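Comments concern the structure below.
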There are 2 protein chains.
Amino acid sequence: MTTAPAAGSRDLPHPARDEIRLEAVLHALSDPVRLRIVQELAADRDELACSQFELPVTKSTTTHHFRVLRESGVIRQCYRGTAKMNGLRREDLDALFPGLLDCLLAAAGRQAARLGD
Amino acid sequence: MTTAPAAGSRDLPHPARDEIRLEAVLHALSDPVRLRIVQELAADRDELACSQFELPVTKSTTTHHFRVLRESGVIRQCYRGTAKMNGLRREDLDALFPGLLDCLLAAAGRQAARLGD
DNA sequence: CGCTTCGTACGATATCCATCGTAGTACGGC
DNA sequence: GCCGTACTACGATGGATATCGTACGAAGCG
């Protein structure tokens, strides 16, 4: 019910809000590839397809990283045609851990600026 | 030079402030045992000896977790007599990632309260 | 000097995990 | 129906890592 079965059909398992664990979120964000995905997702406020990311790994690995992010509760995924759309679960994360997402994004941005972009 | 070689003798390698990486910090905190250590360390504002923690692992494993925390830049360690003292690197973390530590601690506290303490 | 306490080092182990390649499925357009 | 695009599933692999036990080192106390 979280995602109305309007267009899609293949549905993806997401943790409910109260199943999201801080440790899992931190683990998900401790990988450079996944942290970058989340940064891009936060910048472009809308949903993005997996294929719109330019990542230094193969597609198999990309699938893996998106799944980790979804299963930890950081992103929401749904199919739209052949594309798989990804969106940050801002509301859920803000409700569980107020301010954390913004802090993390700011920290990531600062570090990216501090090092060679 | 960060730690004056006053009393101790065995010295422990710490990353300099600008060597601390967000990914490493998040990885360090994504382990339940280490997250708990950091919470206790933040509550008791002073330095604590390794032996003052009651953790559900053996001493070998405890040593391992404290080393991960130190090498990621989250804590500072030094010997005092036979004890090894641990302190949060608040200043360094706040300088690099403003507000992040407090956000994380608040999030951890909230989650602990939400679940069965 | 012996004993105790605190922590380390080292090896073993089992698990997790990031990565890849190949083969396959789902959907949309022609 | 057929093809291409987008993503997945599965298996393999190599590298972390969480855990332990045992043996050792360093500091203080009697």
Side-chain angles (χ1 to χ4, degrees), chain A residues 3 5-14 21 23-38 40-41 47-72 74-87, chain B residues 3 5-14 21 23-38 40-41 47-72 74-87:
Chain A
T3 337
S9 55
R10 293 175 284 178
D11 48 333
L12 298 158
H14 289 76
R21 292 290 172 273
E23 296 90 326
V25 171
L26 296 182
H27 172 251
L29 297 181
S30 71
D31 180 279
V33 175
R34 291 193 291 258
L35 185 56
R36 182 167 146 189
I37 290 174
V38 170
E40 288 192 38
L41 227 36
E47 297 193 321
L48 290 175
C50 292
S51 55
Q52 293 175 266
F53 293 82
E54 287 197 8
L55 301 172
V57 291
T58 65
K59 270 206 285 191
S60 316
T61 308
T62 299
T63 297
H64 162 69
H65 285 309
F66 276 104
R67 184 176 48 219
V68 172
L69 286 171
R70 171 171 48 83
E71 290 178 346
S72 66
V74 176
I75 66 171
R76 193 182 303 106
Q77 295 189 294
C78 64
Y79 288 100
R80 195 173 308 158
T82 69
K84 190 185 210 172
M85 306 307 291
N86 304 278
Chain B
T3 336
S9 53
R10 294 174 285 178
D11 48 334
L12 299 158
H14 290 75
R21 293 290 171 273
E23 295 90 327
V25 171
L26 296 182
H27 172 250
L29 298 182
S30 71
D31 181 280
V33 175
R34 292 193 292 259
L35 185 56
R36 180 166 148 189
I37 291 174
V38 170
E40 287 193 40
L41 226 36
E47 298 191 322
L48 290 175
C50 292
S51 55
Q52 293 176 266
F53 294 82
E54 288 197 9
L55 301 172
V57 291
T58 64
K59 270 204 292 190
S60 318
T61 307
T62 299
T63 298
H64 161 70
H65 285 308
F66 276 105
R67 185 175 48 219
V68 172
L69 285 171
R70 171 170 48 82
E71 290 178 347
S72 67
V74 176
I75 66 171
R76 192 182 304 105
Q77 294 190 295
C78 65
Y79 288 100
R80 194 173 311 157
T82 69
K84 190 186 210 172
M85 307 305 292
N86 306 276

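Predicted model, so just to flag it, every value in this text is computed and none were measured. Sequence lines set the chain letters: A, B, ... in the order given, protein chains first and strands last, and positions in each chain run from 1.
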Exercise. Nearest whole angstrom, please: distance from the P of C/dC17 to the CG of B/Leu26.
Key: 16 Å
Exercise. Would you kindly give the CG-to-C1' distance between A/Leu69 and C/dC17, to the nearest whole Å?
Key: 14 Å
Quiz prompt | Nearest-nucleotide comparison on DNA chain C, the residue closer to the 5′ end among A/Thr58 and A/Thr82 | solution = A/Thr58
Please report, to 0.1 Å, the donor-acceptor pairs under 3.5 Å made by any side chain of residues 48-60 of chain A, with sequence neighbours excluded.
unit_1	atom_1	unit_2	atom_2	d
A/Gln52	OE1	A/Ala49	N	2.7
A/Thr58	OG1	A/Thr61	OG1	3.3

Practice problem: Using the test side-chain contact (heavy atoms from CB on, under 4.5 Å), find all partners of B/Val38 that sit at least two apart in sequence or belong to another chain. | Solution: B/Leu29, B/Leu69, B/Val74, B/Leu88, B/Leu105
Quiz item: Given atom OH of B/Tyr79 and atom C1' of C/dT5, what is their separation to the nearest angstrom?
Solution: 14 Å
Self-check item: Contact summary for A/Ser72 and A/Val25, nearest pair of heavy atoms
Solution: O-CG2, 3.7 Å
Exercise. Figure out the CZ/C1' separation between B/Arg80 and C/dC6, and round it to whole Å.
Key: 15 Å
Quiz item: Of the residues in residues 59-67 of chain A, which ones touch DNA chain C at a heavy-atom distance under 4.0 Å?
Solution: A/Ser60, A/Thr61, A/His64, A/His65
Quiz item: 5'-most contact on DNA chain C: B/Arg70 or A/Val33, nearest heavy atom basis?
Solution: B/Arg70
Quiz item: Just how far, in rounded Å, is P of D/dA6 from CG of A/Leu12?
Solution: 18 Å
Practice problem: Taking all heavy atoms of B/Glu47 and all of B/Cys78, pick out the closest pair and write down the distance. | Solution: OE1-SG, 4.5 Å
Quiz item: Closer to the 5' end of DNA chain D via nearest nucleotide, is it A/Ser51 or B/Pro56?
Solution: A/Ser51
Self-check item: Heavy-atom closest pair, residues B/Arg34 and B/His27
Solution: NH2-O, 3.5 Å
Quiz item: For the pair made of CD in B/Gln52 and C1' in C/dG7, what is the distance, rounded to whole Å?
Solution: 14 Å
Quiz item: Heavy atoms under 4.0 Å, any strand shown: does A/Arg34 hit a base, just sugar-phosphate, or nothing?
Solution: sugar-phosphate
Quiz prompt | Separation of C/dC16 P from B/Asp31 CG (nearest whole Å) | solution = 14 Å
Self-check item: Among D/dA6, C/dG7, D/dT17, the nucleotide that comes nearest once only the side chain of B/His27 is considered
Solution: D/dT17
Quiz item: Hey, which of B/Arg70, B/Arg67, B/Gln77 is the one that makes side chain to side chain contact (heavy atoms under 4.5 Å, CB included) with B/Pro13?
Solution: B/Arg70
Exercise. Applying side chain to side chain contact (heavy atoms under 4.5 Å, CB included), run through A/Glu40 and A/Arg36 and close with a yes or a no.
Key: CA-CA 6 Å; A/Glu40 288 192 38; A/Arg36 182 167 146 189; 3.8 Å; yes
Quiz item: Separation of B/Leu29 atom CG from D/dT17 atom P, in whole Å?
Solution: 14 Å
